[in-house]
Amino acid sequence: MSDSTSEAGSESTSTPRRDFIREMVADDVATGRFGRGPATRFPPEPNGFLHMGHAKSICLNFGIAQEFGGTCNLRFDDTNPATEDVRYVEAIQRDVQWLGFQWDNLFYASDYFEKLYEIAESLVLKGKAYVDSQNEEEIRAGRGTVTSAGTPGPYRDRSVEENLDLLRRMRAGEFADGTHVLRAKIDLAHVNMIMRDPLLIRIRHAHHYRRGNDWCIYPLYDFAHGLSDAIEGITRSLCTLEFKDSREIYDWLVKEAGFEHPPTQIEFARLELDYTILSKRKLLRLVNDGHVTGWDDPRMPTIAGLRRRGVRPEAIREFCETIGVARKDARVEIAAFEHAVRNDLNMEVPRVLCVLNPLKVVLTNYPEGQVEDLDAPSFPHDVPKTGSRSMPFSRELYVDRDDFMEDPPKKFYRLAPGKEVRLRFGYLITCNEVVKNDAGDVIELRCTYDPATRSGQAPDGRKVQGTIHWVSAAQALSCEVRVYDRLFSQPDPDAVPEGQDFISALNPQSLVVIPDAKIEPSVANDPIGSRYQFERTGYFMSEVESSTPEKLVFNRIVGLRDSWAKEVKRA
RNA sequence: UGCCCCUUAGCUCAACUGGCAGAGCGUCUGACUCUGGAUCAGAAGGUUCCAGGUUCGAAACCUGGAGGGGCAACCA
């Protein structure tokens with residue numbers, strides 16, 4: 001952010017490191033090469049929900065506009081009637097805004113169809129484009145291969161008049177799908193396959209979600225994209241690496257169309273994240289095949305999913321900043337994202353105690369019927385926030401089953417027969433007796449508390465290693481907790497054995513529902529959607545769709561780092 | 001097999017036009033002594049893929065090699 005420059009003398013020690021794209025934009029500003037301010041755009045196709053990969057692009061495009069006083073448009077690249085839907089354009093707008101960005105203009109490539117058509121005619125007139133009437137297979141065959149040149153088809157040298165006539169009749173709807181296409185006339189032997197007379201326009205008698213049935217010739221990506229950028233006065237068109245080879249046709253088209261100071265394409269590496277998948281096509285399959293509950297399933301890497309899970313936009317922006325932008329394919333560890341999420345939440349959300357897997361504890365020497373209120377600060381000492389709540393304490397409590405072992409290994413600092421632990425914000429207790437049912441399951445612990453240790457400290461100075469969380473049985477609220485974990489069980493979900501696909505890599509444990517957890521009563525009247533750290537467990541948010549005042553439901557946003565689990569794994 | 005891109009710490013990545021190779025995660029140690037897990041501090045960790053060359057100086061530029069990726073959709 002902008003720290004004040006008024007601070008004395010210190011040479012800009014905090015000049016932010018710039019990536020290669022920002023360097024270029026800074027240079028554009030310095031040299032005035034475009035004759036206009038920096039202008040970027042975020043151009044999603046409305047055929048799915050936005051995900052983390054888009055978040056990277058959004059932060060880049062909108063971020064550059066903010067930092068350099070430029071503009072950033074939201075443009076829907078809606079040139080394929082088969083896949084697009086208003087529902088997606090609405091979701092995309094909501095997600096961009098939720099991330100904290102506002103576009104300068106909202107545009108649709110489908111509004112440029114007429115303009116694009118005019119450009120197409122002008123290319124025909126210049127002899128730079130022709131109508132090809134070969135079928136798909138013939139065109140493919142005529143393109144050659146990466147190592148051999150293509151061969152001209154029989155329609156390549158049609159006259160300008162014939163091309164123009166055919167193009168007009170294509171537009172008028174006289175021809176069936178696939179009978180003709182408009183192609184740029186460039187070079188069938190070009191080393192760049194994309195330049196071998198790329199297809200510009202195809203016939204599609206289909207319903208377009210915005211144009212209805214009034215338009216039947218649809219521009220292909222390469223034709224529409226650069227020219228749309230140029231029409232909007234974009235200066236730098238930021239896209240991912242796989243479009244590298246498209247840059248040549250991009251430049252060719254904006255030049256042939258006669259744009260002054262046309263935009264220039266810059267490519268950066270697309271984001272890949274461990275243990276998840278960032279491909280709209282594959283995410284759509286998860287949705288359609290019912291592997292998740294929808295695009296906003298909290299396990300999805302979509303913006304909507306992360307929002308529902310409880311992640312804040314600040315964390316996503318912070319993450320995008322830390323991963324940077326470069327020209328090398330980057331696979332980022334999901335741990336880095338989880339770190340950003342914790343880092344954000346740590347400074348923001350209050351701590352509460354929630355027992356996920358309740359085990360009853362009876363304090364045999366605590367007066368029956370007595371309830372005392374313990375004061376519990378909501379934030380640890382190093383979070384600069386204040387506030388506290390009171391926690392009822394009584395003879396019957398719940399602690400977490402994980403915090404008790406009947407036959408503990410060494411270095412287990414929690415409850416075990418004969419062992420003493422500290423109850424967070426409360427007394428030291430010692431376990432004296434383990435009660436089991438007929439099946440041999442532990443159903444209750446009978447303990448004694450030390451009345452002199454209300455502060456958590458023993459007056460005699462004895463050390464107690466473990467501190468565990470707890471709730472008072474009578475006052476605790478029952479709640480449902482949905483423990484979300486990684487969607488896939490391996491870092492690269494596509495790296496599966498022959499014959500299988502990413503579906504087989506799904507993590508069967510990605511959602512574990514705990515129907516009856518016990519949470520301290522202080523949260524009872526908090527608004528739905530409140531976030532907390534459940535101490536020693538993780539960060540949680542009350543589920544917006546499912547929580548009711550009668551029955552709270554919590555999503556686990558992210559767990560805490562767990563060194564004991566690591567210790568266990570090591571053993 | 002043609003063209004293009006990439007190769008830097010254990011891992012994932014930075015390093016503007018050649019000028020002391022840096023982060024995050026992970027690991028280890030310490031502090032806070034009421035979160036075993038938060039947070040903070042410190043440490044360890046490098047033949048910049050290899051071989052040559054240019055230069056006072058190369059991760060960066062040049063040549064060759066090795067390994068990985070992209071491109072031959074009427075998708076974007």
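Throughout, a chain's letter reflects where its sequence line sits, starting with A, and its residues are numbered from 1. Not measured: the values here are computed from a predicted model.
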> Hey, does the Lys NZ or Arg CZ of Arg327(A) hover above the aromatic six-ring of Phe20(A), less than 6.0 Å from the centre and inside 45° of the axis?
Replying inline: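 Judged by the rule (NZ or CZ under 6.0 Å from the ring centre, within 45° of its axis), Arg327(A) counts as positioned above Phe20(A).
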Quick one: [X] [atom1] to [N] [atom2], roughly how many Å, whole number?
{"X": "Ile249(A)", "N": "rG70(B)", "atom1": "CD1", "atom2": "P", "value": "23 Å"}
{"X": "Asn343(A)", "N": "rC25(B)", "atom1": "CG", "atom2": "P", "value": "8 Å"}
{"X": "Ile194(A)", "N": "rC4(B)", "atom1": "CD1", "atom2": "P", "value": "14 Å"}
{"X": "Asp403(A)", "N": "rG37(B)", "atom1": "CG", "atom2": "C1'", "value": "11 Å"}
{"X": "Phe337(A)", "N": "rC25(B)", "atom1": "CZ", "atom2": "P", "value": "15 Å"}
{"X": "Asp245(A)", "N": "rC6(B)", "atom1": "CG", "atom2": "P", "value": "13 Å"}
{"X": "Leu283(A)", "N": "rC75(B)", "atom1": "CG", "atom2": "C1'", "value": "16 Å"}
{"X": "Met195(A)", "N": "rC3(B)", "atom1": "CE", "atom2": "P", "value": "17 Å"}

Please tell me which of the listed nucleotides, [options], lies nearest to the side chain of [X]?
{"X": "Thr467(A)", "options": "rU35(B), rC75(B), rA73(B)", "result": "rU35(B)"}
{"X": "Val146(A)", "options": "rC11(B), rG2(B), rC74(B)", "result": "rG2(B)"}
{"X": "Glu23(A)", "options": "rC16(B), rC75(B), rG36(B)", "result": "rC16(B)"}
{"X": "Val332(A)", "options": "rC75(B), rG37(B), rU12(B)", "result": "rU12(B)"}
{"X": "Ala335(A)", "options": "rU1(B), rU35(B), rC25(B)", "result": "rC25(B)"}
{"X": "Thr79(A)", "options": "rA38(B), rA76(B), rU35(B)", "result": "rA76(B)"}
{"X": "Lys244(A)", "options": "rA76(B), rC4(B), rC3(B)", "result": "rC4(B)"}
{"X": "Leu560(A)", "options": "rA72(B), rG36(B), rA38(B)", "result": "rA38(B)"}
{"X": "Asn80(A)", "options": "rG2(B), rG24(B), rA76(B)", "result": "rA76(B)"}

>> Just to verify, which of Arg317(A), Glu318(A), Arg531(A) counts as forming a side-chain contact (heavy atoms from CB on, under 4.5 Å) with Arg312(A)?
In response: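 The option that passes is Arg531(A).
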How far, in whole Å, is [M] from [N] if one measures between their [atom1] atoms?
{"N": "rA9(B)", "M": "rG45(B)", "atom1": "P", "result": "15 Å"}
{"N": "rC32(B)", "M": "rG24(B)", "atom1": "C1'", "result": "24 Å"}
{"N": "rC20(B)", "M": "rC16(B)", "atom1": "P", "result": "11 Å"}
{"N": "rC11(B)", "M": "rG53(B)", "atom1": "P", "result": "30 Å"}
{"N": "rG69(B)", "M": "rU1(B)", "atom1": "P", "result": "16 Å"}
{"N": "rA59(B)", "M": "rU47(B)", "atom1": "P", "result": "13 Å"}
{"N": "rA66(B)", "M": "rA21(B)", "atom1": "P", "result": "31 Å"}
{"N": "rC74(B)", "M": "rC50(B)", "atom1": "C1'", "result": "45 Å"}

Lys/Arg-Asp/Glu bridge criterion (N-O < 4.0 Å) met for [X], [Y]:
{"X": "Asp229(A)", "Y": "Arg75(A)", "value": "yes"}
{"X": "Asp274(A)", "Y": "Arg331(A)", "value": "yes"}
{"X": "Glu535(A)", "Y": "Arg424(A)", "value": "yes"}
{"X": "Arg462(A)", "Y": "Asp460(A)", "value": "yes"}
{"X": "Asp78(A)", "Y": "Arg211(A)", "value": "no"}
{"X": "Arg414(A)", "Y": "Asp400(A)", "value": "no"}

Under-4.0 Å side-chain N/O to phosphate OP1/OP2 contact, [X] with [N]:
{"X": "Arg331(A)", "N": "rG69(B)", "answer": "no"}
{"X": "Arg143(A)", "N": "rC74(B)", "answer": "yes"}
{"X": "Arg202(A)", "N": "rC75(B)", "answer": "yes"}
{"X": "His339(A)", "N": "rG24(B)", "answer": "no"}
{"X": "Thr322(A)", "N": "rC13(B)", "answer": "no"}

> With Arg536(A), which of Asp403(A), Thr467(A), Asp402(A) fulfils side chain to side chain donor-acceptor pair (under 3.5 Å)?
Replying inline: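 Going through Asp403(A), Thr467(A), Asp402(A) one by one, the side chain to side chain donor-acceptor pair (under 3.5 Å) with Arg536(A) is satisfied by Asp403(A) alone.
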> Between Gly466(A) and Thr145(A), which is nearer to the 5' end of RNA chain B once each is assigned its nearest nucleotide?
Replying inline: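 Counting from the 5' end, the first nearest nucleotide belongs to Gly466(A).
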> Want to settle it: does Thr537(A) or Lys328(A) sit nearer the 5' end of RNA chain B, counting the closest nucleotide to each?
Replying inline: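 The residue whose closest nucleotide sits nearer the 5' end is Lys328(A).
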> If you take atom types as modelled and just measure distance, does the side chain of Arg536(A) reach the base of rG36(B) with a donor-acceptor pair under 3.5 Å?
Replying inline: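 There is none.
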>> Under 3.5 Å, is there any donor-acceptor pair linking the side chain of Gln533(A) to the base of rU35(B)?
In response: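 Donor-acceptor pair under 3.5 Å: yes.
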So what's [N] paired with, Watson-Crick or G-U wobble, going by both distances under 3.5 Å?
{"N": "rU1(B)", "answer": "none"}
{"N": "rG30(B)", "answer": "rC40(B)"}
{"N": "rC25(B)", "answer": "rG10(B)"}
{"N": "rA51(B)", "answer": "rU63(B)"}

Which part of the nucleic acid, if any, lies within reach of [X] when heavy atoms closer than 4.0 Å are counted: base, sugar-phosphate only, or nothing?
{"X": "Leu241(A)", "result": "nothing"}
{"X": "Arg196(A)", "result": "nothing"}
{"X": "Arg204(A)", "result": "base"}
{"X": "Asn135(A)", "result": "base"}
{"X": "Ile323(A)", "result": "sugar-phosphate"}
{"X": "Gly324(A)", "result": "nothing"}
{"X": "Lys463(A)", "result": "base"}
{"X": "Tyr218(A)", "result": "nothing"}
{"X": "Arg270(A)", "result": "nothing"}
{"X": "Glu535(A)", "result": "base"}
{"X": "Glu318(A)", "result": "nothing"}

> Around atom CZ of Arg270(A), are there more than 12 heavy atoms of other residues, nucleotides or ligands at under 6.0 Å?
Replying inline: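 Count not over threshold, so no.
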